[in-house]
Protein chains: 2
Amino acid sequence: MRTPICDDLGIEFPIFAFTHCRDVVAAVSRAGGFGVLGAVGFTPEQLEVELAWIDEHVGDHPYGVDIVIPGKYEGMDDMDPEHLAQTLRDMVPEEHLAFARKLLSDRGVPELPEGESNELQLLGWTEATALPQVQTALAHPKVALIANALGTPPVDVIELIHDAGRKVAALCGSPHQALKHKEAGVDLVIAQGGEGGGHTGEVGSIVLWPQIAAAIAPTPMLAAGGVGSGQQIAAALALGAQGVWAGSLWLTVEEADLPPAQKKQLLDASSRDTVRSKSFTGKPCRMIKTEWTEAWSAADAPDPLPMPLQYMVSGDCVARSHRYADKALSVMFNPVGQVVGQLDHVEKTSAVVQRLVEEYLEAVDRLDTLTAAAAGA
Amino acid sequence: MRTPICDDLGIEFPIFAFTHCRDVVAAVSRAGGFGVLGAVGFTPEQLEVELAWIDEHVGDHPYGVDIVIPGKYEGMDDMDPEHLAQTLRDMVPEEHLAFARKLLSDRGVPELPEGESNELQLLGWTEATALPQVQTALAHPKVALIANALGTPPVDVIELIHDAGRKVAALCGSPHQALKHKEAGVDLVIAQGGEGGGHTGEVGSIVLWPQIAAAIAPTPMLAAGGVGSGQQIAAALALGAQGVWAGSLWLTVEEADLPPAQKKQLLDASSRDTVRSKSFTGKPCRMIKTEWTEAWSAADAPDPLPMPLQYMVSGDCVARSHRYADKALSVMFNPVGQVVGQLDHVEKTSAVVQRLVEEYLEAVDRLDTLTAAAAGA
């Protein structure tokens with residue numbers, strides 16, 4: 001499965017692993033793939049600690065960092081971060097906060113200790129908060145790629161990354177967005193089908209991937225959404241991808257640091273147990289269907305707020321559900337794609353990479369056999 | 001792309017074409033694929049006319065017939081057809097009929113001529129109406145396959161078809177349904193991802209296909225939902241399919257007898273212009289998003305009725321939108337999958353089959369080249 005981006009990045013397999021866990025980043029890159037650390041939950045100081053750890057454990061291999069810059073908010077471009085945060089806080093209705101709090105308290109999910117509340121917290125969902133993350137990442141020479149999970153990165157951010165000699169990737173769910181990425185100077189476009197976990201569009205991977213590959217050629221496309229086996233990688237490459245971007249797959253590996261109850265919920269879930277819901281961040285985000293997602297889509301629920309406001313409502317519940325996972329499965333925040341139905345046991349990260357490569361080769365063999373049979377018939 | 005089912009059915013390519021147009025059935029089978037006529041709109045007498053025409057035009061090639069038997073309706077098994085139809089008619093609220101009528105009249109779509117109204121008509125959506133279709137089909141020796149578009153066919157119907165020496169196929173959208181099909185004796189399971197047109201589930205093809213192939217092995221799986229190119233066929237075979245089942249692809253071919261305005265709507269649509277809606281038949285059915293589908297999902301709309309009642313509401317609107325297509329695009333009934341975004345010009349059916357084969361071979365070549373590059377690296 002060697003494609004041109006393997007040479008560009010100095011990797012063996014074009015298997016990109018998005019994860020929030022530094023151990024998985026290092027393990028994937030050591031195994032010949034390309035680990036990408038999701039930075040959205042970290043302050044710049046925390047991110048520095050994580051990247052220093054990865055540098056120590058990844059050997060000579062490159063890795064990446066994923067940030068979230070969902071574009072500008074109208075009229076807020078020039079605000080300083082504290083003013084921006086306060087302006088956004090004032091936009092969150094009390095009704096939404098009360099609705100969210102009640103969902104968790106009704107189910108006996110404990111509150112966070114005094115002073116640790118995440119309510120109304122603004123994480124790295126704006127350029128103001130994401131830019132320091134980019135600067136932190138660029139100080140680490142093994143960081144070969146910065147990816148933006150949502151929307152086209154601002155041109156100044158792309159220039160900053162290019163000037164440092166690194167590559168830029170960006171996710172999208174339509175050919176239109178893909179072309180915007182390409183025009184802005186993005187080096188790798190990640191096409192994520194609606195099957196995918198987290199923020200995702202409506203169009204399925206089998207339809208979306210070839211459309212985007214054709215629209216942006218010769219810019220390379222990575223296929224995301226529904227990749228959890230080597231057969232799925234073969235399908236992606238047959239459809240024009242130069243590699244794959246997988247997230248869900250790494251949530252249940254041995255090295256992943258999810259709470260055990262959350263990991264078990266993933267191992268037990270079928271592909272029909274996820275839903276695209278705006279209740280987490282304000283944009284459709286695929287996650288395990290729970291009483292939380294169901295409640296926000298009920299007729300008597302307030303409409304989820306637009307990004308970034310909804311996370312200011314849900315953020316405290318996210319933190320509580322993860323901290324007290326045993327008691328919070330019915331309202332657990334567990335973003336994952338439909339590929340979750342393929343995850344039924346814990347594997348080491350390196351074993352997953354090896355399995356993907358072997359399954360890929362088997363799938364290509366299968367196609368060759370079918371083609372040979374036709375030629376001989 | 002020769003797989004064992006090619007030998008079983010005596011065809012060159014495992015490309016199954018679902019269509020309501022007899023010309024397309026004959027053209028696909030003559031080109032080496034396998035045409036399947038959707039029989040749901042036909043009385044047994046009309047179906048006999050269509051099949052006799054196909055027999056004359058298909059040469060020595062086999063073809064199939066697709067029926068709809070959505071299982072039994074509780075408490076209605078023993079009713080005679082007329083009693084059943086009346087019982088169902090009595091269950092349709094006037095509110096729904098009025099809501100539907102107003103949607104079309106507000107947009108200036110003419111009514112059907114006196115005496116031709118389709119309102120409250122029950123088509124072949126029950127075993128009572130579908131069984132005569134099966135019997136008609138089995139009288140034609142070139143009919144090698146009967147497919148059921150919805151649910152597991154009743155055991156007596158499967159036996160009837162097997163006793164006549166023909167094969168049975170059935171569509172599904174989950175491994176659970178696939179196993180029910182297999183246990184009932186279905187010979188070919190068609191796994192349709194959520195991208196597909198018409199009745200379809202939620203799980204995307206890239207995830208669904210390998211799950212179903214593994215669940216029912218060694219029973220063969222045909223991949224449906226998102227198949228419109230040879231690359232997509234290569235992906236399907238890499239994921240374990242023995243062939244593909246495509247419907248949308250044949251709506252815009254030269255031979256397809258859709259009203260020109262309806263065909264143009266398909267050629268103009270992107271992959272984001274479809275929606276899964278219960279407003280057509282009562283079960284989620286992917287079709288072009290229109291003011292009809294939007295109206296039925298609005299807060300003030302009546303909830304769509306369960307199958308088969310909703311079609312008794314929509315059926316007259318379906319007939320009107322097709323008869324007066326030029327005036328009815330805003331409420332057109334145009335079931336199609338997300339693959340519609342790939343359809344942008346009219347081709348001859350035989351050219352489509354040839355293109356699929358060529359694109360398939362290119363995709364396999366591409367994978368071989370990548371594998372060779374890795375081996376040489």
Side-chain angles (χ1 to χ4, degrees), chain A residues 1-3 6-7 12-13 173-176 193-196 201-211 223 225-229 231-232 234-240 270-272 274-275 299 337-342 357 360-361 363-368 370-377, chain B residues 1-3 6-7 12-13 173-176 193-196 201-211 223 225-229 231-232 234-240 270-272 274-275 299 337-342 357 360-361 363-368 370-377:
Chain A
M1 59 174 92
R2 195 168 190 88
T3 62
C6 294
D7 295 323
E12 196 174 355
F13 312 118
S174 76
H176 175 74
E195 298 90 335
E202 287 177 68
V203 180
S205 290
I206 199 90
V207 172
L208 184 73
W209 293 343
Q211 284 184 9
V227 177
S229 74
Q231 288 87 355
Q232 286 155 336
L237 297 195
L239 291 164
S270 86
S271 293
R272 301 175 95 175
T274 72
V275 65
Q338 292 181 338
V339 80
V340 71
Q342 296 170 216
V357 174
Y360 167 83
L361 292 173
V364 175
D365 265 356
R366 178 178 148 82
L367 287 178
D368 282 338
L370 297 177
T371 310
Chain B
M1 60 175 90
R2 196 169 191 87
T3 62
C6 293
D7 296 322
E12 196 174 354
F13 312 118
S174 75
H176 175 74
E195 296 90 335
E202 285 178 70
V203 180
S205 290
I206 197 86
V207 172
L208 185 72
W209 293 343
Q211 284 183 9
V227 177
S229 74
Q231 288 87 353
Q232 286 156 334
L237 299 194
L239 291 164
S270 85
S271 293
R272 300 175 96 176
T274 72
V275 66
Q338 292 181 337
V339 81
V340 71
Q342 296 170 216
V357 173
Y360 167 83
L361 292 173
V364 174
D365 265 356
R366 178 177 147 81
L367 287 179
D368 283 338
L370 296 177
T371 310

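Naming: A, B, ... by sequence-line order, numbering from 1 per chain. Only heavy atoms go into these numbers, but all of them, side chains included; no hydrogens, no water, no symmetry mates.
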| task | Say whether, by atom type as modelled, one donor and one acceptor occur between the side chain of Gln231(A) and the main chain of Pro210(B) under 3.5 angstrom. | result | no
| field | Among the listed options Gly240(A), Gly341(A), Gly194(A), the residue most often paired with chain B at heavy-atom distances under 4.5 Å | value | Gly240(A)
| Most heavy-atom pairs under 4.5 angstrom with chain B, which of Arg272(A), Glu12(A), Glu202(A)? | Arg272(A)
| message | For Gln232(A), which atoms come within 4.5 Å of any heavy atom of chain B: side chain, backbone, both, or neither? | response | both
| query | What part of Phe13(A) is in contact with chain B, defined as an atom under 4.5 angstrom from a non-hydrogen atom: side chain, backbone, both or neither? | reply | neither
| query | What's the shortest heavy-atom distance between Ala235(A) and Ile206(B), and which atoms? | reply | CB-CD1, 3.9 Å
| For Glu195(B), is it the side chain, the backbone, both, or neither that has a heavy atom closer than 4.5 Å to a heavy atom of chain A? | side chain
| said: Would you compute the distance between atom CG of Leu239(A) and atom CZ of Arg366(B) and round it to the nearest 0.5 angstrom? | reply: 9.0 Å
| query | With chain A, which of Leu237(B), Val364(B), Val227(B), Val275(B) has the greatest number of heavy-atom pairs at distances under 4.5 Å? | reply | Leu237(B)
| task | Look up atom CG in Asp365(A) and atom CG in Leu367(B), then write down how far apart they are to the nearest 0.5 Å. | result | 11.5 Å
| Option that, when pairs with chain B are counted at under 4.5 Å, heavy atom only, ranks first among Ala363(A), Ser271(A), Ser270(A) | Ser271(A)
| said: Need one label for Leu208(A): side chain, backbone, both or neither, based on atoms under 4.5 Å from any heavy atom in chain B. | reply: neither
